[in-house]
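Structure first, commentary second.
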Amino acid sequence: MAAPKGIKAVEWLSRRTKQQRGGNERRPDHFDRSAPDALALWRDAYLESLGARNYAEGTLEGRRDALKVFLAWAAERDLTRASQITRPILESYQRWLWRCTKANGQRLGWSTQRNRLGVLKDFFRWVTRQDVILHNPASEVELPRMEKRLPQDVLTLPEVERLLAVPDVSDPLGVRDRAMLELFYSTGIRRTELCRVELPDVNNERRTLHVRLGKGKKDRVVPVGQQAIHWLERYLKEVRPRLCLDTRTPALFLTGYGEAFNPDVVSRMVSAWLRQTGLKRKGCCHVLRHSCATHMLERGGHPLHPTVARPRETRHHRHLHRSQHQTASGSSRPLPSVRETRSGKSASTIHAKRVILRRGC
């Protein structure tokens with residue numbers, strides 16, 4: 001018997017126990033921890049020290065995974081102790097990363113290789129400071145060169161409209177999905193930030209969203225477009241009360257289990273919606289983030305400050321390289337500086353003054 005779909009599945013899901021809900025629990029790694037300088041033993045201590053220094057949970061998970069790959073590679077070669085690791089061994093691991101392929105047959109990206117080696121350098125730097133080993137074997141390991149690439153999969157405005165129209169709003173869960181997409185595109189927030197949004201963070205009167213603990217554990221306030229506010233109000237009025245199993249749950253968007261979303265689940269949902277549109281575009285949630293920033297810049301906005309110069313209400317974006325998005329938006333006009341934008345002058349006025357100065361008028 002097939003499982004029910006849409007809002008009919010909520011009651012069915014709410015009856016499932018924790019064991020029936022699935023999910024991936026962390027399994028024991030079975031690494032050797034018997035020696036005083038065992039790599040796995042000091043890996044655990046290293047991650048614990050990062051947690052004590054208030055590193056984000058996502059950072060801890062990323063470094064745990066990167067070190068797990070290295071420890072598994074080293075265990076296959078009977079290298080389980082920190083004193084056994086030398087610079088040639090780490091360079092051999094670097095070459096292995098370069099040859100390593102993913103399940104789809106493609107090689108690891110340069111940023112992935114650089115990240116995993118960077119975690120190793122920081123780990124061995126910390127281990128050396130703990131006097132576990134006499135010298136740092138990773139101190140002179142050279143990281144791969146960084147690539148400076150532009151966002152390739154930016155949606156056009158008609159494509160964005162097609163994507164926003166994918167959820168079936170005749171079903172209450174479709175209203176929730178439409179509200180999530182609208183908020184993604186209107187604010188340009190990240191998937192993890194969307195999952196962390198709570199009820200008090202949305203101010204409908206001021207049309208703003210308080211993003212808490214964003215990248216680098218930084219808070220910020222971003223404007224929200226009128227279209228997104230409309231769908232949020234409809235979701236809060238018609239749908240969320242039917243999904244909420246515990247009134248103490250603060251999350252804005254709830255799953256069929258009445259809990260906050262997992263970022264990976266959100267990515268799979270957006271990827272499925274992109275496939276339903278028939279668009280041959282890679283990526284998922286970050287495509288909407290890039291599209292939001294590009295469309296804002298095409299209409300004279302600035303990536304660091306909110307503006308009303310965009311087609312569907314207000315857009316806002318942070319941490320964008322100025323020249324990258326100038327190129328991605330196809331605009332040859334130079335972007336105004338932060339100082340010029342703070343002075344209250346519009347981008348068109350600044351551009352006109354620059355033309356006058358350049359022509360000597």
Side-chain angles (χ1 to χ4, degrees), residues 1-27 56-58 60-61 163-187 189-205 208-214 217 219 222 224 227-276 284-286 288-289:
M1 180 179 177
K5 302 292 183 180
I7 194 64
K8 296 180 180 179
V10 173
E11 183 179 354
W12 176 71
L13 290 174
S14 62
R15 294 196 298 266
R16 302 183 74 183
T17 63
K18 288 284 186 180
Q19 291 74 19
Q20 294 174 323
R21 295 184 183 184
N24 298 321
E25 295 184 359
R26 187 178 300 161
R27 299 178 180 178
E57 185 62 31
L60 297 180
E61 288 297 325
L163 176 61
L164 295 176
V166 167
D168 181 12
V169 295
S170 62
D171 184 88
L173 291 188
V175 176
R176 178 202 63 187
D177 298 343
R178 177 65 182 267
M180 292 171 62
L181 283 176
E182 289 282 356
L183 194 63
F184 260 135
Y185 180 58
S186 180
T187 60
I189 59 177
R190 303 173 179 87
R191 61 171 194 167
T192 306
E193 296 169 346
L194 181 89
C195 297
R196 291 176 180 167
V197 173
E198 298 182 355
L199 289 172
D201 297 337
V202 181
N203 190 322
N204 292 342
E205 295 182 0
T208 58
L209 173 67
H210 190 165
V211 181
R212 303 181 185 274
L213 297 179
K217 288 196 172 184
D219 291 1
V222 297
V224 184
Q227 191 79 358
I229 290 292
H230 164 74
W231 286 102
L232 282 173
E233 290 177 342
R234 181 175 172 182
Y235 162 73
L236 291 172
K237 181 180 179 180
E238 302 176 7
V239 183
R240 193 181 185 280
R242 302 176 66 176
L243 297 176
C244 186
L245 303 179
D246 187 350
T247 55
R248 294 170 297 179
T249 304
L252 174 63
F253 293 109
L254 301 178
T255 66
Y257 295 117
E259 301 173 347
F261 274 94
N262 182 288
D264 293 334
V265 174
V266 176
S267 292
R268 290 195 292 269
M269 291 170 61
V270 177
S271 296
W273 295 330
L274 277 171
R275 288 194 297 270
Q276 291 181 41
C284 48
C285 305
H286 233 61
L288 287 169
R289 180 171 166 85

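The heavy-atom pair separating A251 from L199 by the smallest distance is O-CG, 4.4 Å. Nearest heavy atoms, L254 versus F261: O-CE1, 3.5 Å. Taking every heavy atom of both residues into account, N262 and D264 meet most closely at OD1-N, 2.8 Å. Counting all heavy atoms, side chain and backbone alike, L236 lies closest to R240 at CD2-CD, 3.8 Å. In this structure, A179 and F253 approach most closely via the heavy-atom pair CB-CE2, 3.9 Å. Taking both residues in full, the closest heavy atoms of V224 and T208 are given as CG2-C, 3.8 Å, listed atom of the first, atom of the second, then distance.
Side-chain atoms of L163 and L288, non-hydrogen and from C-beta on, do get closer than 4.5 Å to each other. Side-chain atoms of R191 and F184, non-hydrogen and from C-beta on, do get closer than 4.5 Å to each other. When side chains are defined from C-beta on, V169 counts as touching W231, because their heavy atoms get closer than 4.5 Å.
Here the CG-CH2 distance, from L181 to W273, works out to 4.5 Å after rounding to the nearest 0.5 Å. The distance from atom CD of E193 to atom CG of L183, rounded to the nearest 0.5 Å, is 10.5 Å. We find the CG-CG distance between D168 and D177 to be 10.0 Å, quoted to the nearest 0.5 Å. The SG atom of C195 sits 12.5 Å away from the CD atom of E259 when rounded to the nearest 0.5 Å. If you take CG on L274 and CE on M269, they are separated by 12.5 Å, rounding to the nearest 0.5 Å. R176 CZ to E238 CD: the interatomic distance, rounded to the nearest 0.5 Å, is 14.5 Å.
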Is there a side chain to side chain contact (heavy atoms under 4.5 Å, CB included) between V202 and L232 once you walk through the steps? CA-CA 9 Å; V202 181; L232 282 173; 4.2 Å; yes

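Between D201 and the options H210, R196, R212, a side-chain hydrogen bond (donor to acceptor under 3.5 Å, both in side chains) holds for only R212. Exactly one residue among V175, V266, V197, V270 makes a side-chain contact (heavy atoms from CB on, under 4.5 Å) with M180. That residue is V266.
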